[in-house]
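This one's a predicted model, so the numbers in the text were calculated from it and none came from an experiment. Every chain is numbered from 1, with letters handed out A, B, ... down the list of sequences.
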Amino acid sequence: MGKAAVDVPMKGGFNFDLCRRNEMLSSKGLKSPSFLKTGTTIVGLIFQDGVILGADTRATEGPIVADKNCEKIHYMAPNIYCCGAGTAADTEAVTDMVSSQLQLHCYHTGRESRVVTALSLLKSHLFSYQGHVSAALVLGGVDVTGPHLHTIYPHGSTDTLPFATMGSGSLAAMAVFESKYREGLTRDEGIKLVTEAICSGIFNDLGSGSNVDVCVITKGQTEYLRNLQSPNPRTYVNERGYSFSKKTEVLSTKITPLKELVEVIEGGDAMEE
Amino acid sequence: MKEQANWSPYDNNGGTCVAIAGADYCVIASDTRMSTGYSILTRDYSKIRELAEKSVMASSGFQADVRALQKVLSARHAIYQHQHNKQMSCPAMAQLLSNTLYYKRFFPYYAFNVLGGLDNEGKGCVFTYDAVGSYERVGYSSQGSGSTLIMPFLDNQLKSPSPLLLPAQDAVTPLSESEAIDLVKTCFASATERDIYTGDKLEIVVLNASGIRREYMELRKD
């Protein structure tokens, strides 16, 4: 009997083979590539007739703003939307994936999607990746059982709450909610409170900024209010503008003619039939 | 594995500084935001200090070290005035700043400085520094968190296309005072859009033969 190594077939999911090499490289001083995080403020609250979700629109890569007006409120189902904070690719991918799964489930059951279904699909996916999928979500929607609002953490735990905030600006936004939230808010009061909370994050948290997006979900109707508020216009535009010379300076010119390749065919038939 | 320190004596309070020298003026500007991590400490902090009649310094980095550095330079200038019965010239202050920074070569001031003023002939001068005192007289410079965004734009607008092609240019830029101020305002409005540590308000100090003047402009507060 020889020492035959049985090759285990590749399973799906993450491959951690390069982790040791990466650790060795970073100990030698190599900076690992950064991820695009949404350094965000996202909120949700339950009001009289349903759920209101809110988000800022800044995406950062370290100290630099990568996108001044990105969309953080993702579509899950006609009656369910999800705000995402954390690594942008992760929030995008996980919400798209669960949205597709929900649609298939919808066709299979013949019924409108329920928020708890989206919740279970998201939390089981995130748990199975043990926190490596860095997505912190605020999931909200209205289904036959009523309005629902949940928060989902990267490791897969969830909370069910009447009002919630996530992201780097969550403390600034929660300060507003804890002061002014009460049960049974009207639509206008709810929208006003959500925009106040997001603005608090935009102005007090450096990871959040630009505009306010809001999504109002009620029984039978969803309103996606993109850029409901834009409280950050550019402060100075020079009327005369600036000129940028189109030419690149030519320092020196050297022309090298390519040698001509001449084929000499020795008499006879140049080509076969 | 060697144990790493889990306490650092330094912090970065963010911010950006710019200075542009003209034929008979100098513009020194910086934003007024002071931050730590993802939070704002104050929206109204001046990073600019007049060290002498014709020398103005703007510094970004760790503001506690910046404040200590400003005090040391002010004290040294007071001594100079007592000993020489005159104000320090800008080139003299430039060398003093360099020496002060190198003095703490092995526990540096976490300060990124740009010194602006008028030289002995009344022409604008700008000196740019690193944290340990290496300095150079230039026509314009920027330091701080937004410098990587601002410097290429200033190079494009103020520098000759290729230093190899044209004869070497003077350290002074051929802009009028109002054009230079306009340029500075555009630089900061643009840097504020893309750098999270730059914003709130812009403070501009203009030094010319008639003295020192201050101007302010609002910037994005998010």
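With a 4.5 Å cut-off on side-chain heavy atoms, Lys185(B) and Asn238(A) do not count as touching. A 4.5 Å side-chain heavy-atom check between Pro231(A) and Lys221(B) finds every atom pair outside the cut-off.
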Stepwise side chain to side chain contact (heavy atoms under 4.5 Å, CB included) test for Phe203(A) and Arg43(B): CA-CA 11 Å; Phe203(A) 292 109; Arg43(B) 298 189 194 271; 3.7 Å; yes
Derivation and outcome, side chain to side chain contact (heavy atoms under 4.5 Å, CB included), residues Leu206(A) and Ile40(B): CA-CA 7 Å; Leu206(A) 297 176; Ile40(B) 296 179; 3.7 Å; yes
Verdict with reasoning, Phe188(B) to Tyr236(A), per ring pair (Phe, Tyr, Trp, His ring centres under 6.0 Å): CA-CA 9 Å; Phe188(B) 273 90; Tyr236(A) 184 75; over 10 Å; no
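For the pair Arg194(B) (side chain) and Val65(A) (backbone), a donor-acceptor distance under 3.5 Å is present. Between the side chain of Asp222(B) and the main chain of Ser210(A), a donor-acceptor pair closer than 3.5 Å is present. Of the possible donor and acceptor atoms, none in the side chain of Thr235(A) sits under 3.5 Å from a partner among the backbone N and O of Ala189(B).
Between Phe153(B) and Phe244(A), the ring planes are tilted. Angles from 30° to 60° get that label.
In terms of heavy-atom pairs under 4.5 angstrom with chain A, the leader among Gly146(B), Ser190(B), Gly37(B) is Ser190(B). Considering only heavy-atom pairs separated by less than 4.5 Å from chain A, the leading option among Asp200(B), Thr192(B), Asp195(B), Leu202(B) is Asp195(B).
Listed here is the closest heavy atom pair of Asp182(B) and Arg240(A): OD2-NH2, 3.4 Å.
Only the side chain of Gln157(B) comes within contact range of chain A, with at least one heavy atom under 4.5 Å from a heavy atom of that chain. Of the atoms belonging to Pro233(A), it is backbone heavy atoms, and not side-chain ones, that fall under 4.5 Å from chain B. Contacts between Thr186(B) and chain A at a heavy-atom distance below 4.5 Å involve backbone atoms as well as side-chain atoms.
The environment of OH in Tyr103(B) is sparse: at most 12 heavy-atom neighbours from other residues, nucleotides or ligands sit within 6.0 Å. No more than 12 heavy-atom neighbours from other residues, nucleotides or ligands sit within 6.0 angstrom of CZ on Arg20(A). Counting non-hydrogen atoms of other residues, nucleotides and ligands closer than 6.0 Å to OH of Tyr102(B) gives a total of 12 or fewer. Residue Arg67(B) qualifies as open at atom CZ: its count of foreign heavy atoms under 6.0 Å is 12 or below.
Atom-to-atom distance recorded for Arg220(B):CZ and Asn232(A):CG is 4.5 Å, nearest 0.5 angstrom. Within the model, atoms CG of Leu171(A) and OG of Ser39(B) stand 9.0 Å from one another, a figure rounded to the nearest 0.5 Å.
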